[in-house]
2 protein chains.
Amino acid sequence: MKKNCTESPICSKCGNTQSIICGLNDTDKNEISYRKDDGIYKKGDIIFKEGNNAHNLFCVHKGKIKLSKLGKDGKEQIVRFAKSGDILGYRSLLSNEPYHATATAMEESEICVIPKEVFQKIVEDNYKLSLNLIQLLSKDLKSAEQHLIDVAQKTVRERISEALLLLITSFGYLADGKTINVHMTRSEIADLAGTTTETTIRTLSQLSHDGIISLEGKNIVITNHTELIRNTNTYD
Amino acid sequence: MKKNCTESPICSKCGNTQSIICGLNDTDKNEISYRKDDGIYKKGDIIFKEGNNAHNLFCVHKGKIKLSKLGKDGKEQIVRFAKSGDILGYRSLLSNEPYHATATAMEESEICVIPKEVFQKIVEDNYKLSLNLIQLLSKDLKSAEQHLIDVAQKTVRERISEALLLLITSFGYLADGKTINVHMTRSEIADLAGTTTETTIRTLSQLSHDGIISLEGKNIVITNHTELIRNTNTYD
DNA sequence: CATTTTATATGATTTATATCATTATTATTT
DNA sequence: AAATAATAATGATATAAATCATATAAAATG
């Protein structure tokens with residue numbers, strides 16, 4: 001559910017320096033600022049749906065988003081996350097396809113909505129931007145392939161350990177440097193690791209029992225990072 | 001093992017019209033023809049290895065290639081295939097990273113080897129090419145994400161059915177219109193479907209018993225395509 | 001604040017698939 | 001052609017994880 005926001009972020013003054021939009025010149029940024037719409041999405045709100053026609057590029061100004069696809073019997077599979085500075089939907093716009101996944105806000109998020117034509121126009125006269133998009137796609141493809149191997153070959157305990165590490169790289173820690181900076185239900189973690197809710201609950205409490213993590217309400221605290229990595233059974 | 005070939009294919013006269021190289025102008029094609037090297041790879045030959053530094057773009061002129069990554073305990077996972085007209089290694093060249101996967105010839109293959117600098121130079125002054133690369137990456141990412149869900153959520157029988165369909169879309173049929181145009185061992189099919197050799201053997205003979213396929217020596221013949229699709233348990 | 005809903009926790013049971021073991025068949029090499 | 005190696009085929013057994021069932025705790029809602 002999108003609502004209008006009183007003060008819309010201005011692209012040329014956006015704090016997200018790592019965003020792909022930031023590499024653009026001021027003319028382009030101003031064009032985007034002028035044409036874009038701005039939306040606040042509440043926790044659980046759907047930003048776009050898998051299979052729907054793609055009309056916009058989404059630029060996450062603030063918040064946390066999960067990208068998921070529907071699998072067998074409607075079971076959800078989380079494919080990746082997005083946070084401040086990330087852009088969503090560009091793949092569909094570039095190849096004129098429907099959205100590949102469903103984007104859901106994991107917490108209150110502020111997202112700039114840039115119309116398809118504006119984005120396409122800017123890509124057309126920005127060779128540099130197209131190279132950056134290639135980098136982005138390469139990165140996403142690389143992690144998708146890795147995720148594939150993980151899910152295909154690892155045990156549930158290894159996959160859940162991987163999932164926790166992914167949450168850390170995606171969202172980081174709270175100020176204490178050990179509490180994962182995101183709230184997810186056991187069921188969502190299951191959708192990420194490719195297992196069931198019950199097994200996730202059991203495995204997390206095992207990890208907790210083994211002193212690797214600590215479950216404190218909605219928070220997951222990493223108490224032994226080295227051991228967590230060892231539990232993923234990866235060597236690189 | 002690379003050998004010199006007496007008559008190297010000339011890019012401007014290459015029959016592979018679908019290749020990304022074909023969209024280039026004659027100047028670029030001639031530059032590639034002049035600078036490229038040409039190699040014949042025998043069945044089982046490794047074209048490049050996961051983790052090695054990337055120095056070349058590979059353009060498959062003829063043959064069949066499997067791209068695989070090493071997973072847990074050295075277990076192989078096939079991530080995709082390449083055939084005539086496909087290019088390999090471009091992702092690593094564009095992002096200056098080592099090769100992401102190992103490329104192995106599945107049968108005698110003829111592959112043009114284009115030096116990194118030549119490719120990079122051409123990408124630099126070819127905006128159109130960079131857009132095509134984006135399309136390619138998008139396509140690969142899309143299928144990687146689908147493959148992820150398949151492996152995560154489907155049963156072995158469903159995954160093996162998917163694997164057979166992937167072989168069909170990758171390599172097509174022989175002239176009879178029903179024999180899959182590629183030879184793979186049960187172990188390789190297992191590496192593709194993410195299961196074990198024994199289970200693959202059992203499942204294939206079940207599919208054969210159910211009249212969906214027919215196992216004729218090294219060949220797999222699809223006798224009931226509709227039923228094979230139904231066995232993948234996919235609806236789209 | 002009571003009530004309904006949603007999330008977490010654990011136990012018991014089942015099942016798909018891996019693993020181990022052996023034999024048969026088909027290729028490859030000498 | 002004989003010998004060797006690689007691949008395919010089956011059976012028996014073990015096991016990780018799903019499924020089913022129920023209980024408790026926490027959040028959301030009227």
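Note that the structure is predicted; figures quoted are calculated from it, not measured. Excluded from the calculations below are hydrogen atoms, water molecules and symmetry mates; all remaining heavy atoms, backbone and side chain alike, are included. Every chain is numbered from 1, with letters handed out A, B, ... down the list of sequences.
Contacts between residues 180-209 of chain A and DNA chain D, counted as heavy-atom distances below 4.0 Å, involve A/Thr195, A/Thr196, A/Glu198, A/Thr199, A/Arg202. Looking at residues 213-224 of chain B, you'll see that no heavy atom sits under 4.0 Å from any atom of DNA chain C. At a non-hydrogen distance threshold of 4.0 Å, nothing from residues 147-159 of chain B comes into contact with DNA chain D.
Think of the region where chain B sits on DNA chain D: with heavy atoms and a 4.0 Å cut, that region ends 5' and 3' at D/dA8 to D/dA12. The outermost nucleotides of DNA chain C lying under 4.0 Å from heavy atoms of chain B, listed 5' to 3', are C/dT17 to C/dC20.
Residues B/Tyr90 and B/Leu136 are in side-chain contact: their nearest non-hydrogen atoms beyond the backbone lie under 4.5 Å apart. The closest side-chain heavy-atom distance from B/Gln146 to A/Lys69 is below 4.5 Å. Side-chain contact between A/Glu158 and A/Asp150: absent, with no pair of heavy atoms (C-beta onward) separated by less than 4.5 Å. Within the 4.5 Å cutoff, no side-chain heavy atoms of B/Cys14 are placed close to those of B/Ser19.
For B/Thr234 and B/Glu162, the side-chain atoms include at least one donor-acceptor pair closer than 3.5 Å. With 3.5 Å as the limit, one finds no donor-acceptor pair spanning the side chains of B/Gln206 and B/Asp210.
Between A/Arg80 and A/Asp86, none of the side-chain N atoms (NZ, or NE/NH1/NH2) sits under 4.0 Å from a carboxylate O, so this pair counts as no salt bridge.
In this view, B/Thr226 and B/Asn224, B/Arg230 satisfy the side-chain contact (heavy atoms from CB on, under 4.5 Å) rule, not counting sequence neighbours.
B/Lys75 NZ: more than 12 foreign heavy atoms inside a 6.0 Å radius. Environment of NZ in B/Lys178: sparse, with no more than 12 heavy atoms of neighbouring residues, nucleotides or ligands closer than 6.0 Å. Around the NZ atom of A/Lys142, the shell of radius 6.0 Å holds no more than 12 heavy atoms that belong to other residues, nucleotides or ligands. Enclosure of atom NZ in B/Lys62 is not indicated, since only 12 or fewer non-hydrogen atoms of other residues, nucleotides or ligands lie within 6.0 angstrom.
Using the six-membered ring where Trp is involved, A/His225 and A/Tyr173 have ring planes that are perpendicular, over 60° apart on the 30 and 60° scheme.
Tested against A/Arg157 for a side-chain hydrogen bond (donor to acceptor under 3.5 Å, both in side chains), the candidates A/Asn233, A/Asn231, A/Thr232, A/Thr203 yield a single pass: A/Asn231.
Using modelled atom types, one side-chain atom of A/Ser109 and one backbone atom of A/Lys64 make a donor-acceptor pair closer than 3.5 Å.
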